[in-house]
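Here's the structure we're looking at; comments come further down.
Here is how names work: the chains are called A, B, and so on, in the same order as the sequence lines, proteins then strands, and each is numbered from 1.
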2 protein chains.
Amino acid sequence: MSRYERTCLIRGDGGRAIRRILDRIGNKWTLLVVATLDDQRMRFTELQQRIPGVSQRMLSLTLRNLERDGLVSRTAYAEVPPRVEYALTDVGRTLIEPAVRLAEWAVEHDPDIERSQRAFDERNK
Amino acid sequence: MSRYERTCLIRGDGGRAIRRILDRIGNKWTLLVVATLDDQRMRFTELQQRIPGVSQRMLSLTLRNLERDGLVSRTAYAEVPPRVEYALTDVGRTLIEPAVRLAEWAVEHDPDIERSQRAFDERNK
DNA sequence: CAGCATCCCTTGAGATACTG
DNA sequence: CAGTATCTCAAGGGATGCTG
């Protein structure tokens, strides 16, 4: 793939492709939920325990959006007390790979970036 | 790399790694600017023309943050009228690869996702 | 247990006007 | 040309309380 073709994938259609995905995963909790469910299917409360800092409200909203997008499946069992299990779908699992690439980039270049920020702030203070 | 190790890259440190990168690139214009600069170094106005919809203010803010992070270099020439050129740094270029992966994922799975959304909305209307 | 409803505050981002 | 300064609005997200 040429350089032009690569960036066209991002810039194509006025950037709508990249916008759609960032609108989905760019928020605070989505990728954390997906990564947590990669281990195993899980109940609501367990998910909340494994994701430090997430509120009931935000976990609920995040899961509903993921279900709507077809990345997570929701299974409610007719029991008392209620039991609901969430799991990644096949499509949801395919998101892990590019997300991990991004995380690798973040971990690898974070020192450079922090150094650059300090230098910049020093120059412009 | 095991499944556990992969997702730990995302979830590690309470999700701070993924948060840092999403705070950087998750906004509306950053990846578009980076992708546009992948072609060639470019002046402010040219950049604005090539990125449909970006305002002067947002382009300015986006470029300053990218410069602060060390992903974009800014070169001002002492001329009248002023000329300023922006270009990707070496670190900035390394971001293209994972970003393209993400865009590929978006393009590939967008039909699935839109179908899932319509079905979800139909069920819950 | 697994949530929804409400309130509130902060941030992202657009529009407009001005400047070295 | 290449920005900055203000203003404004909408969305994201936290805290709290309630419920089938």
Side-chain angles (χ1 to χ4, degrees), chain A residues 14-16 18-33 36-37 41-69 72-87 120 123-125, chain B residues 14-16 18-33 36-37 41-69 72-87 120 123-125:
Chain A
R16 258 181 270 274
I18 211 71
R19 278 260 46 79
R20 274 195 298 265
I21 191 178
L22 288 181
D23 286 345
R24 276 187 197 104
I25 68 160
N27 59 64
K28 194 165 178 177
W29 302 109
T30 295
L31 277 188
L32 282 175
V33 170
T36 305
L37 285 175
R41 62 199 351 262
M42 218 170 284
R43 305 176 61 166
F44 188 93
T45 306
E46 193 177 359
L47 217 33
Q48 194 181 5
Q49 287 163 352
R50 296 214 187 189
I51 302 177
V54 69
S55 65
Q56 262 181 348
R57 171 182 138 84
M58 289 316 297
L59 183 56
S60 178
L61 284 175
T62 303
L63 284 169
R64 181 137 23 87
N65 282 325
L66 282 169
E67 190 199 353
R68 179 169 182 264
D69 287 345
V72 159
S73 69
R74 176 185 187 275
T75 314
Y77 298 89
E79 304 175 357
V80 179
R83 181 163 62 99
V84 178
E85 284 190 348
Y86 293 92
F120 182 94
R123 284 198 304 277
N124 300 49
K125 82 176 176 188
Chain B
R16 260 181 270 271
I18 210 70
R19 278 260 45 79
R20 275 194 298 265
I21 190 177
L22 287 181
D23 287 345
R24 275 185 198 106
I25 68 160
N27 59 64
K28 194 164 177 179
W29 302 110
T30 296
L31 277 188
L32 282 175
V33 170
T36 304
L37 285 176
R41 62 195 356 258
M42 217 170 283
R43 305 174 61 166
F44 187 92
T45 306
E46 193 178 357
L47 217 31
Q48 193 180 5
Q49 286 163 353
R50 295 215 187 189
I51 302 176
V54 70
S55 66
Q56 260 182 349
R57 171 182 137 84
M58 289 317 296
L59 182 56
S60 179
L61 284 175
T62 303
L63 284 169
R64 183 140 18 93
N65 282 325
L66 282 168
E67 190 199 353
R68 179 170 182 263
D69 287 345
V72 159
S73 69
R74 176 186 186 276
T75 314
Y77 297 89
E79 304 176 358
V80 179
R83 181 162 62 98
V84 179
E85 284 190 348
Y86 293 93
F120 183 94
R123 283 197 305 276
N124 299 49
K125 80 175 178 187

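- When rounded to the nearest whole Å, the span between CG of Leu59(B) and P of dC1(D) equals 14 Å.
- At whole-Å resolution of the value, CG in Leu61(B) and C1' in dT11(C) are 12 Å apart.
- Put simply, the side chain of Ser60(A) never gets that close to the backbone of Gln56(A): no donor and acceptor are under 3.5 Å apart.
- When the side-chain nitrogen and oxygen atoms of Tyr86(A) are compared with OP1 and OP2 of dG3(C), one or more of them lie within a distance under 4.0 Å.
- Between Gly14(A) and Pro52(B) the shortest heavy-atom distance is CA-CG, 4.3 Å.
- Within the 4.0 Å cut-off from OP1 or OP2 of dG3(D), at least one side-chain nitrogen or oxygen of Arg74(B) is found.
- Of all nucleotides listed (dA2(D), dG3(C), dA2(C)), dG3(C) comes nearest to the side chain of Arg64(A).
- Distance from the side chain of Ser55(B) is smallest for dG14(C) among the nucleotides dA2(C), dA2(D), dG14(C).
- When distances run from any side-chain atom of Arg83(B) to the nucleotides dG14(D), dC1(C), dA2(D), the shortest one goes to dA2(D).
- Which of dC1(C), dG14(D), dG3(C) sits closest to the side chain of Val84(A) comes down to dG3(C).
- Checked against dC1(D), dG13(D), dA13(C), the side chain of Lys28(B) finds its nearest nucleotide in dA13(C).
- Considering only side-chain atoms of Phe44(B), the nucleotide from dG20(D), dA2(D), dG14(C) that sits closest is dA2(D).
- The side chain of Ser60(B) sits closest to dG3(D) out of dG3(D), dC1(D), dG14(D).
- Summarising the geometry, the separation between CG on Asn65(A) and P on dG13(D) is reported as 10 Å, rounded to the nearest angstrom.
- Comparing Arg19(A) and Arg43(A), the nucleotide of DNA chain C nearest to each residue sits closer to the 5' end for Arg43(A).
- The side chain of Arg57(A) approaches dG13(D) more closely than any other nucleotide in the set dA2(C), dG13(D), dG3(D).
- The CZ-C1' distance, from Arg41(A) to dA2(C), rounds to 16 Å in whole Å.
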